[in-house]
Asks: 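Structure below; questions to follow.
FYI, side chains are in, hydrogens and waters are out, and symmetry mates aren't considered; it's all heavy atoms of this structure. Only a predicted model underlies this, so the values are computations on that prediction, with no experimental measurement involved. Atoms within each ligand, like the ligands themselves, are counted from 1 in listed order.
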Amino acid sequence: MIRDQFLSMRIFISSILRRTYGNSFSRKMSIDIGGMRLRYKDKDDTFLEKHLVSKEPFGQFKAWFEEACTKKEILEPNAMCLATATKDGIPSARFVLLKGYGKEGFKFFTNYGSRKAKELDENPNVAATFYWEVLNRSIRIEGHIEKISVEESTTYFHSRPVPSQIAACASYQSTPIESRDILCEREKVLEAEYLIPQKEVPKPEFWGGYIIRPRSVEFWQGQRDRLHDRIKFRKPKNGETPDGKLLHQGEEGWVYERLSP
Ligand SMILES: Cc1cc2nc3c(=O)[nH]c(=O)nc-3n(C[C@H](O)[C@H](O)[C@H](O)COP(=O)(O)O)c2cc1C
């Protein structure tokens, strides 16, 4: 409480100083947003082991994802932050849209020439994170990536609106381009070739899908007192057997454990 008041006071003083001394002042200091915090779920709304709807991660993912889809405040429940890394371990992250999930894994589509795809070529390890703010929930997936079949990519490509298909053909994702006009020019040429005569747009070879094959999936729910709940499903290490205390037997080759927040 006293700390909150202290932080609000600091933010107030900073804003006065900035107004008085202008940008030269703000350039010299970092902006303190330490007072920004939300209240998460109350103590009587915890996420306990008995609340798991499934003892393997896909069933649990389905339950939380479907709940996220019912919330009108969440416009893109399928948006996930995808992290990749070079072979030297230098990471990069960006959002992509989840386009399918099931026991086999989590699917998304992109340009196979993009930065992420180049990193995936040299290092198949990925991590993906969902955050659904109004539910105070996050899901973390870690695993490795595989390309999905050309047939499946083609079927999905043709299910997209035609302007999106054309945009995928026009963009050499992640490469520098001189101006937006060049993109629009490419789009115009492709529209004349396919959109106006209503011809099917061929899926470019450089575009397709990936599937994340998870080795761990963690379910996080934020609590007001910051004693958050974390239940992680993972594949057991060689020779590891659940003791029913720290490590629990799941289903379909999975074990699960509660992690400290
Ligand atoms: C909400 C959201 C969803 C996105 N979905 C995708 C997607 O499904 N596929 C994709 O290639 N890029 C998507 N993007 C764009 C990427 O974040 C990124 O700019 C692009 O893939 C290039 O990333 P890279 O240079 O790291 O390869 C999305 C961006 C946002 C903000």
Side-chain angles (χ1 to χ4, degrees), residues 61-62 64-102 104-135 137-184 186-187 190 201-214 217 220:
F61 180 89
K62 183 171 184 288
W64 276 24
F65 182 72
E66 286 178 353
E67 196 175 336
C69 292
T70 66
K71 300 285 174 199
K72 64 175 185 341
E73 301 91 334
I74 306 177
L75 300 180
E76 282 192 310
N78 57 335
M80 59 179 184
C81 183
L82 175 82
T84 55
T86 63
K87 63 176 182 326
D88 306 319
I90 296 173
S92 67
R94 78 292 287 153
F95 280 90
V96 294
L97 295 177
L98 181 75
K99 288 293 174 175
Y101 68 92
E104 72 286 7
F106 301 88
K107 292 176 190 168
F108 65 91
F109 292 85
T110 192
N111 184 305
Y112 286 150
S114 64
R115 174 177 176 187
K116 72 180 91 49
K118 287 186 176 140
E119 292 182 2
L120 289 170
D121 282 345
E122 53 181 59
N123 180 352
N125 292 301
V126 288
T129 307
F130 294 83
Y131 177 48
W132 299 308
E133 192 179 8
V134 293
L135 288 169
R137 282 179 180 166
S138 171
I139 298 180
R140 294 171 61 173
I141 298 165
E142 287 165 34
H144 75 272
I145 208 100
E146 285 169 24
K147 275 186 182 161
I148 65 173
S149 71
V150 176
E151 294 72 35
E152 194 177 344
S153 290
T154 306
T155 304
Y156 173 68
F157 183 80
H158 288 131
S159 76
R160 305 174 84 211
V162 174
S164 304
Q165 297 179 35
I166 287 179
C169 298
S171 168
Y172 309 128
Q173 198 177 53
S174 316
T175 60
I177 186 161
E178 207 178 306
S179 71
R180 185 176 176 83
D181 292 345
I182 294 175
L183 268 182
C184 295
R186 282 191 208 143
E187 186 184 41
L190 288 160
V201 184
K203 179 191 83 61
E205 268 181 36
F206 59 71
W207 193 95
Y210 287 100
I211 182 164
I212 304 173
R213 309 256 187 221
V217 185
W220 180 98

Asks: Quick check on ring pair (Phe, Tyr, Trp, His ring centres under 6.0 Å): which of F206, W207, Y210 does Y112 satisfy it with?
Replies: Y210
Asks: What I want to check is whether the side chains of Q165 and K203 have a donor and an acceptor closer together than 3.5 Å.
Replies: no
Asks: Under 4.0 Å from atom 8 (O) of ligand 1, is there any protein heavy atom?
Replies: yes
Asks: Hey, is ligand 1 close enough to F95 that some N/O pair sits below 3.5 Å?
Replies: yes
Asks: Considering the heavy atoms of T110, write down every atom of ligand 1 situated less than 4.0 Å from one of them.
Replies: 10 (C), 11 (O)
Asks: For E76, which part has a heavy atom under 4.0 Å from ligand 1: side chain, backbone, both, or neither?
Replies: side chain
Asks: Under 6.0 Å from the six-membered ring centre of W220 and within 45° of its axis: does the NZ or CZ of R137 meet both?
Replies: no
Asks: Would R213 and E146 pass as an ion pair if we require N to O under 4.0 Å?
Replies: yes
Asks: Under 4.0 Å between a side-chain nitrogen and a carboxylate oxygen: does that hold for K118 and E122?
Replies: no
Asks: Any salt bridge (charged side-chain N to carboxylate O under 4.0 Å, His left out) involving residues 149-170? Give me the pairs, sequence neighbours left out, ordered by first then second residue.
Replies: K107-E152
Asks: Using a strict 4.0 Å cut-off to heavy atoms of Q173, name the atoms of ligand 1 that fall inside it.
Replies: 10 (C), 11 (O), 12 (N), 20 (C), 21 (O), 22 (C)
Asks: Should the proximity of F109 to ligand 1, defined as any heavy atom under 4.0 Å, be assigned to the side chain, the backbone, both, or neither?
Replies: backbone
Asks: Under a 4.0 angstrom heavy-atom cut-off, which atoms of ligand 1 come close to S174?
Replies: 24 (P), 25 (O), 27 (O)
Asks: How far is atom 26 (O) of ligand 1 from its nearest protein heavy atom, and which residue and atom is that?
Replies: R94 NE, 2.8 Å
Asks: I'd like to check which ligand 1 atoms, numbered from 1 as shown, lie under 4.0 Å from a non-hydrogen atom of K116.
Replies: 11 (O), 20 (C), 21 (O), 22 (C), 23 (O), 24 (P), 26 (O), 27 (O)
